[in-house]
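Chain letters run A, B, ... following the sequence lines, proteins first, then strands; residues in each count from 1. A quick note: this is a predicted structure, and the numbers were derived from the prediction, not measured.
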Amino acid sequence: MIACSIADQATMVWALRREVEGRSLGLFLLGGAAGLPAGVWALLHADHGLYTRALGAVLLAYGTYMLACRPRVLGWRHPGFDLAAGFLGGITGGAAGFPGAPVTIWCGLKGWHKTRQRALFQPFILLMQVAALFAISAMRPRLSHVAGFDPADLLCLPAGLLGTWLGIACFRTISNRQFALAVNILLIVSGLSYVM
Amino acid sequence: MSWLGGEPGGHPLSAVSSQQAQAFRAAAPALILSVAAVGCAVLTPHRGNPGPAVMEAVATASLISSIAGFAFSAICGAMLFHLCVD
């Protein structure tokens, strides 16, 4: 699943490569790099069930609230907020494998165009996922019972990439309003998957 | 004959074939991936390999998650969990 997720993310980043703004992304990545060790530490030492349920409840509440009310745009433009969103993304990425939640929410609150939002959080998610894998393997003690990578899982890649190709085609046709709707629904789905 | 979308003075059929070529280029990755996905699902039903149901779950999760760009693991994990339970 991790291999498919990284392959999907890489495909999506490739599709949006012309829209990526390196300077904005750098700020989020800086925050993410600072938060990632804390997230991985939580994964290895804290009560996993407790904090994933808490994260799920937050995502569920936020997604439901945003679906129920009118879309809002925050006027806060200080780079410190971008850094903080990246930091939170690093923590959730290391602890729960979900670096995109805070950054996605923050980009949505900025009122950006759908392509600009994705051009920022897509490479952020990809880089944080890869960094989290390295951080986990570096910080965890050698565990013999942890299942290794099975090359047979790569047989799922064509199916995953086909789904991604179709999803990107859908993304190009939807409006900003529909994109915001899709983001909120996926936040709710993610929240449910952590809570249940 | 500009109603076919061809260049003024150009052959009308060249515009049609160029549109077809463009459409084919756009659809080619999907065709290749479809063939590869079906091939993986049908031709490798050995013990230990992911079955067609797993690949279906991965494809569905990828499709849904790539519309907004995240939540693949959440969707795929939930679907695979239900597959394992069933």
Pair count under 4.5 Å, heavy atoms only, with chain A: among Ala74(B), Ser66(B), Ala59(B), highest is Ser66(B)
Pair count under 4.5 Å, heavy atoms only, with chain B: among Ala169(A), Cys156(A), Ala182(A), highest is Cys156(A)
Whatever's closer than 4.5 Å to a heavy atom in chain B on Gln178(A) counts as neither
Cut-off 4.5 Å, heavy atoms of chain B, and the answer for Tyr194(A) is neither
side-chain hydrogen bond (donor to acceptor under 3.5 Å, both in side chains) pairs touching residues 96-109 of chain A, sequence neighbours excluded, are Asp82(A)-Trp106(A)
Greatest number of non-hydrogen atom pairs under 4.5 angstrom with chain A, of Leu63(B), Val54(B), Thr60(B), Val38(B), falls to Leu63(B)
Scanning both residues in full, the closest heavy-atom pair of Phe70(B) with Ser190(A) reads CE1-OG, 4.5 Å
Answer with yes or no whether the hydrophobic clustering places Leu36(A) together with Leu83(A); edges join I, L, V, M, F, W, Y residues whose side-chain heavy atoms lie under 4.5 Å apart.
no
Taken to the nearest 0.5 Å, the spacing of Met55(B) CE from Cys4(A) SG works out to 9.5 Å
Students should find that the hydrophobic cluster of Trp14(A), defined by side-chain heavy atoms under 4.5 Å apart, otherwise consists of none
Check: Ile67(B) and Leu186(A) side chains under 4.5 Å, non-hydrogen atoms:
no
Is there a path of hydrophobic side-chain contacts, each under 4.5 Å between heavy atoms, that joins Phe87(A) and Leu27(A)?
no
Scored by heavy-atom pairs under 4.5 Å with chain A, the best of Ala37(B), Ala68(B), Ala61(B) is Ala68(B)
Okay, Ile32(B) and chain A: the region with an atom under 4.5 Å from a heavy atom over there is neither
Single-linkage hydrophobic cluster Phe121(A)~Ile174(A), side-chain heavy atoms < 4.5 angstrom: yes
- Query: Under 3.5 Å, side chain of Ser62(B) to main-chain N/O of Thr164(A), donor-acceptor pair present?
  - Reply: no
Honestly, the part of Ile185(A) sitting under 4.5 Å from a heavy atom of chain B is neither
Among residues 90-103 of chain A, residues within the sub-4.5 Å heavy-atom range of chain B, in order of number, are Phe98(A)
Apart from Ile168(A) itself, members of its ILVMFWY cluster (side-chain separation under 4.5 Å) are Met12(A)
When rounded to the nearest 0.5 Å, the distance separating OG of Ser73(B) from CD1 of Ile125(A) is 10.0 Å
Assigning hydrophobic clusters by single linkage (Ile, Leu, Val, Met, Phe, Trp, Tyr; side-chain heavy-atom cutoff under 4.5 Å), is Leu50(A) placed with Leu55(A)? no
| Can you get from Leu155(A) to Trp165(A) by hopping between Ile, Leu, Val, Met, Phe, Trp and Tyr side chains that sit under 4.5 Å apart? | no
